[in-house]
Amino acid sequence: MPQGGSSLFKEGYNMHSGIEEAVIRNIHAVAELSEIVRTSFGPNGRNKMVINHLEKLFVTSDAATIIRELEVVHPAGKVLVMASQQQEHEMGDRTNLVMILAGELLRKAEYLLTMGLHPSEVVLGYELARDRAVEELESELD
């Protein structure tokens with residue numbers, strides 16, 4: 001915490017500067033949320049016990065239920081929750097996949113950022129990869 005501002009903020013408040021540091025902190029928040037549902041994925045996935053704010057107990061391996069009952073407050077985490085909810089709304093399933101894939105893509109992005117790439121370069125690389133993947137999938141359908 002910065003010196004001289006100790007009385008301005010709640011206890012435990014941290015202040016960070018720099019775009020790269022902010023991006024890394026967002027990546028860590030999303031990776032942590034992704035890790036919560038990772039162990040529930042697949043045929044051997046484990047159930048989670050979640051107790052919500054009303055003290056109701058849920059035992060489930062469904063990522064949609066898990067994240068619906070968690071109170072995610074981090075902005076980047078909320079974006080991942082919204083993406084997962086949109087997946088559930090559109091397809092009715094595979095919310096685990098959305099969260100795990102996003103977490104893994106961001107872990108790889110973190111590595112690229114620590115190597116010195118700028119966040120915009122990482123985004124451009126992911127966009128190029130997406131376009132190439134769509135091309136390959138469309139060519140397989142023809």
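This one's a predicted model, so the numbers in the text were calculated from it and none came from an experiment. Positions are given from 1, in the same order as the sequence printed here.
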**Student:** Any donor and acceptor pair, going by atom type alone, linking the side chain of Y126 with main-chain N or O of L105 inside 3.5 Å?
**Tutor:**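 Side chain of Y126 to backbone of L105, a donor-acceptor pair under 3.5 Å: yes, one is there.
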**Student:** Side chains of H28 and E110: any donor to acceptor distance under 3.5 Å?
**Tutor:** yes
**Student:** Considering all heavy atoms of both residues, which atom of E88 and which atom of R68 are nearest to each other, and what is their separation?
**Tutor:**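 Closest approach of E88 to R68, heavy atoms only: OE1-NH1, 3.6 Å.
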**Student:** Indicate the atoms forming the closest heavy-atom contact of I27 with L106, along with that distance.
**Tutor:**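 Closest pair (atom of I27, atom of L106, distance): CG2-O, 3.4 Å.
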**Student:** What's the separation between atom CZ in R130 and atom CD in E135, rounded to the nearest 0.5 Å?
**Tutor:** 11.0 Å
**Student:** Hey, what else clusters with L57 if you join Ile, Leu, Val, Met, Phe, Trp, Tyr whenever side-chain heavy atoms sit under 4.5 Å?
**Tutor:**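 Listed partners: M49, I51, V59.
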**Student:** Are the side chains of K48 and T39 in contact, using a 4.5 Å heavy-atom criterion?
**Tutor:** yes
**Student:** Near R94 CZ, under 6.0 Å, is it more than 12 heavy atoms from other residues, nucleotides or ligands?
**Tutor:**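 12 or below, so no.
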**Student:** Please round to the nearest 0.5 Å and tell me the distance separating atom CG of L101 and atom CG of N96.
**Tutor:** 12.0 Å
**Student:** If you take all heavy atoms of A63 and T95, which pair is closest and at what distance?
**Tutor:** CB-OG1, 3.4 Å
**Student:** Would a 4.5 Å heavy-atom cut-off, applied to side chains only, mark Q85 and H89 as touching?
**Tutor:** no
**Student:** Kindly say whether H118 contributes a backbone atom to a donor-acceptor pair with the side chain of E121 at under 3.5 angstrom?
**Tutor:**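 Yes, the answer is positive, given that a donor and an acceptor are paired below the 3.5 Å cut-off.
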**Student:** Just wondering, do N47 and T60 contact through their side chains at under 4.5 Å, heavy atoms?
**Tutor:** no
**Student:** State, to 0.1 Å, how close A76 and V30 come at their nearest heavy-atom pair, and which atoms those are.
**Tutor:** O-CG2, 3.6 Å
**Student:** Using the side chain to side chain contact (heavy atoms under 4.5 Å, CB included) rule, pick out the option among V72, I66, V50 that qualifies with I36.
**Tutor:**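 Running side chain to side chain contact (heavy atoms under 4.5 Å, CB included) over V72, I66, V50 with I36 returns exactly one hit, I66.
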**Student:** On a heavy-atom basis, which atom in M99 and which in S34 lie closest, and how many Å separate them?
**Tutor:**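 Minimum heavy-atom separation between M99 and S34: O-OG, 3.0 Å.
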**Student:** Which pair of non-hydrogen atoms, one from L33 and one from G77, has the smallest distance, and what is that distance?
**Tutor:** CD2-O, 3.6 Å
**Student:** Could you check whether any side-chain N or O of S40 sits under 3.5 Å from a backbone N or O of R46, counting only pairs where one atom can act as donor and the other as acceptor?
**Tutor:**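 Such a contact is found between S40 side chain and R46 backbone.
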**Student:** Assess whether atom CD of E104 is packed by more than 12 heavy atoms of other residues, nucleotides or ligands within 6.0 Å.
**Tutor:** yes
**Student:** Measuring from atom NZ of K78 to atom CG of L80, what distance do you get when rounded to the nearest 0.5 angstrom?
**Tutor:** 13.5 Å
